[in-house]
Amino acid sequence: MNVLVINCGSSSIKYQLIDTVSGDISAKGLIERIGFEDAVFSCQAGACKGSRETLPIKDHTVAMRRVLDALVNDHKAVEDLAEISAVGHRFVNGGKYFKEAVLADDAVLDRIRNILDIAPLHNPAHLLGIEACIAVMPETPQVIVFDTAFHATLPPKAFMYAVPYEMYDELAVRRYGFHGTSHYYVSQRAADILGRSDDQDLKVITCHLGNGSSIDAVLGGKAIDTSMGFTPHEGLVMGTRTGDIDAAAILYMMKKRGISVEDMDTQINKKSGLLGVSGVSSDMREVSEAAEAGNERAQLAIDMFVYRIRKYIGSYAAVLGGLDALVFTAGIGEHAHGLRERICEDFGYLGIEIDTGKNNSKPGGEYEISTDSSKVKVLVIPTDEEGVIAKEAERLCK
């Protein structure tokens, strides 16, 4: 079946049309600057690959109409929209209500409207995309897939914060974890590659490293801990996010600088991380170039990035009681071979041995970078979040 996968931002829509049987992507594109007279529509697959168009798009409904028109007339992916069996939507945070993918109906949408504030940068935008698709495709099933769903298996000792219990009971303040579809996909692929898909004792650590980064501890295919928390801010050093930080330090900075809640949110989410420490960029490639040119702050940012990841790998190996496989995915995880080697060095006590030749070969696709004698298999696996969403849509519709 053909599933249209939508990832909606506050002023953008990313889309892919995926055949769930073959896995082929017959259409892929992006609309940016929704709400402006100079919105940009670009095709990244299909007959219109490489084309770019500037046009006025006043809202997400108009944008979705342009996407549907493009599927027929630009991409030439389908002859009729009836060939699209379902729409799969990425939704960042399902809160305490949604622990698996669901079909959108009035009750689901009402509940979603009550959790918009737990992910204010993402959830409202995702809802706009769902409502736009319902408006232009009212007869097509709409499936919502939550980033947080994979982490519904975390035990209370892992997802609870040591705050007054009523904060959890009344406000649902807890660890939710993010990048769930990515961690699910690469952990399942690792199990398949190792021939241990049904092994309930398989111990895997998955490292999703990009501008936003997170690490999961996965036991027998189920997440038991994750580095991101109530929001995607917690955990690793990221492109513009601090990651782990003493909450009292945030209060101190606010008091000393007279910073409002909104401004502090901007500081820790958009001006920190690699960008804040290096003063150069949030892009690891640019930070690395600056470090190679002798920029000490850029080098410090990289050292902090690597150190934090190594701390989490060590702690998650302890949580799992050992380790069978370590997986790298996403932009940095898949392409920064030098950083992968630094992350894995001196982990011999865990049974990790890196083959420098394999690691530096960069063949693309899925490949192993550990030595033949390594007790822990170290794998590079490109993630496929859209494919997971399409499969979830297919499963629910069937």
Side-chain angles (χ1 to χ4, degrees), residues 44 179 182 186 205-216 227-228 232-245 249 266-317 325-350 352-371 374 376-383:
Q44 298 161 4
H179 296 141
S182 176
V186 299
I205 294 175
T206 53
C207 303
H208 178 110
L209 307 179
N211 193 266
S213 298
S214 61
I215 295 183
D216 266 25
S227 60
M228 283 182 167
H233 173 264
E234 189 178 358
L236 305 179
V237 174
M238 300 176 231
T240 61
R241 299 173 186 145
T242 69
D244 292 339
I245 184 173
T266 299
Q267 291 286 333
I268 64 175
N269 277 301
K270 297 183 179 180
K271 295 185 177 181
S272 297
L274 294 176
L275 173 63
V277 176
S278 72
V280 173
S281 173
S282 62
D283 189 313
M284 180 59 82
R285 292 166 296 189
E286 296 177 1
V287 176
S288 296
E289 290 173 1
E292 289 171 5
N295 187 313
E296 293 183 359
R297 281 177 53 186
Q299 185 60 57
L300 174 62
I302 295 170
D303 292 344
M304 292 169 65
F305 178 83
V306 170
Y307 181 73
R308 188 78 58 86
I309 293 168
R310 285 173 53 80
K311 281 177 64 176
Y312 268 94
I313 291 173
S315 65
Y316 282 178
L326 177 65
V327 180
F328 290 98
T329 193
I332 297 173
E334 293 171 34
H335 303 294
H337 59 93
L339 288 179
R340 288 198 303 259
E341 186 167 355
R342 282 195 60 190
I343 290 166
C344 293
E345 67 185 3
D346 300 326
F347 269 148
Y349 67 92
L350 287 180
I352 296 174
E353 295 179 2
I354 293 296
D355 184 314
T356 303
K358 291 180 182 177
N359 184 49
N360 293 347
S361 64
K362 298 182 285 186
E366 300 175 346
Y367 58 103
E368 180 184 340
I369 62 172
S370 47
T371 64
S374 179
V376 175
K377 295 298 181 184
V378 185
L379 306 169
V380 177
I381 302 177
T383 193

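We number each residue from 1, following the sequence as shown.
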Quiz item: How far apart are the C-alpha atoms of H208 and S214, what are their side-chain angles, what is the distance that settles it, and do they pass the side chain to side chain donor-acceptor pair (under 3.5 Å) test?
Solution: CA-CA 5 Å; H208 178 110; S214 61; 5.6 Å; no
Practice problem: Just do the side chain to side chain contact (heavy atoms under 4.5 Å, CB included) check on F305 and I332 with the steps written out, would you? | Solution: CA-CA 11 Å; F305 178 83; I332 297 173; 4.0 Å; yes
Practice problem: Begin with the C-alpha distance, continue with both residues' side-chain angles, and end with the deciding distance and a verdict on side chain to side chain contact (heavy atoms under 4.5 Å, CB included) for V280 and N295. | Solution: CA-CA 9 Å; V280 173; N295 187 313; 3.6 Å; yes
Exercise. Evaluate the criterion side chain to side chain donor-acceptor pair (under 3.5 Å) for residue pair H233 and N269; output intermediate values, then yes/no.
Key: CA-CA 7 Å; H233 173 264; N269 277 301; 4.7 Å; no
Quiz prompt | Stepwise side chain to side chain donor-acceptor pair (under 3.5 Å) test for D303 and Q299 | solution = CA-CA 6 Å; D303 292 344; Q299 185 60 57; 3.0 Å; yes
Exercise. Check the pair T266, K271 against side chain to side chain contact (heavy atoms under 4.5 Å, CB included), reporting the backbone distance first and the verdict last.
Key: CA-CA 7 Å; T266 299; K271 295 185 177 181; 4.0 Å; yes
Practice problem: Give the intermediate values and the outcome of side chain to side chain donor-acceptor pair (under 3.5 Å) for residues S281 and E286. | Solution: CA-CA 6 Å; S281 173; E286 296 177 1; 2.7 Å; yes
Practice problem: May I have the step-by-step check of side chain to side chain contact (heavy atoms under 4.5 Å, CB included) for I313 and L326, ending in yes or no? | Solution: CA-CA 9 Å; I313 291 173; L326 177 65; 4.1 Å; yes
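With values rounded to the nearest 0.5 angstrom, S282 atom OG is found 11.0 Å from R241 atom CZ. Between the SG atom of C207 and the CD1 atom of I381 there is a distance of 11.0 Å, given to the nearest 0.5 Å. Here S315 contributes atom OG and I205 contributes atom CD1; the two are 7.5 Å apart, rounded to the nearest 0.5 Å. Here the CG-NZ distance, from L236 to K311, works out to 10.5 Å after rounding to the nearest 0.5 Å. To the nearest 0.5 angstrom, S278 atom OG is 9.5 Å from M284 atom CE. Atom-to-atom distance recorded for H335:NE2 and L209:CG is 12.0 Å, nearest 0.5 angstrom.
Donor-acceptor pairing under 3.5 Å is lacking for the side chains of S374 and E353. A donor-acceptor pair shorter than 3.5 Å cannot be found between the side chains of D216 and Y312.
Minimum interatomic distance between A298 and A290 (heavy atoms only, all atoms of both residues): CB-CB, 3.8 Å. Residues R308 and G243 share a closest heavy-atom pair of NH1-C, 3.8 Å. S370 and K358 make their closest contact through O-NZ, 3.0 Å (heavy atoms, listed as atom of the first residue, atom of the second, distance).
When side chains are defined from C-beta on, E368 does not count as touching D355, because their heavy atoms never get closer than 4.5 Å. Proximity of T356 to E341: side-chain heavy atoms (C-beta onward) are separated by under 4.5 Å at one or more points. Put simply, the side chain of M238 does not reach to within 4.5 Å of the side chain of N211, judged on heavy atoms. Looking at E345 and R340, their side chains never come closer than 4.5 Å, going by heavy atoms from C-beta outward. Looking only at side-chain heavy atoms (C-beta outward), V380 and I369 come within less than 4.5 Å of each other. Looking at heavy atoms from C-beta onward, T242 lies out of side-chain contact with V237 at the 4.5 angstrom threshold. No side-chain heavy atom of E234 sits less than 4.5 Å from a side-chain heavy atom of S227. T329 is listed as a side-chain neighbour of S182, based on a closest heavy-atom distance under 4.5 Å.
Checking I352, L350, L339, V376 one by one against C344, the side chain to side chain contact (heavy atoms under 4.5 Å, CB included) holds for a single residue, I352. Each of T206, N359, I343 was compared with F328 under the side chain to side chain contact (heavy atoms under 4.5 Å, CB included) criterion, and only I343 meets it.
Other residues, nucleotides and ligands place no more than 12 heavy atoms under 6.0 Å from the NZ atom of K270.
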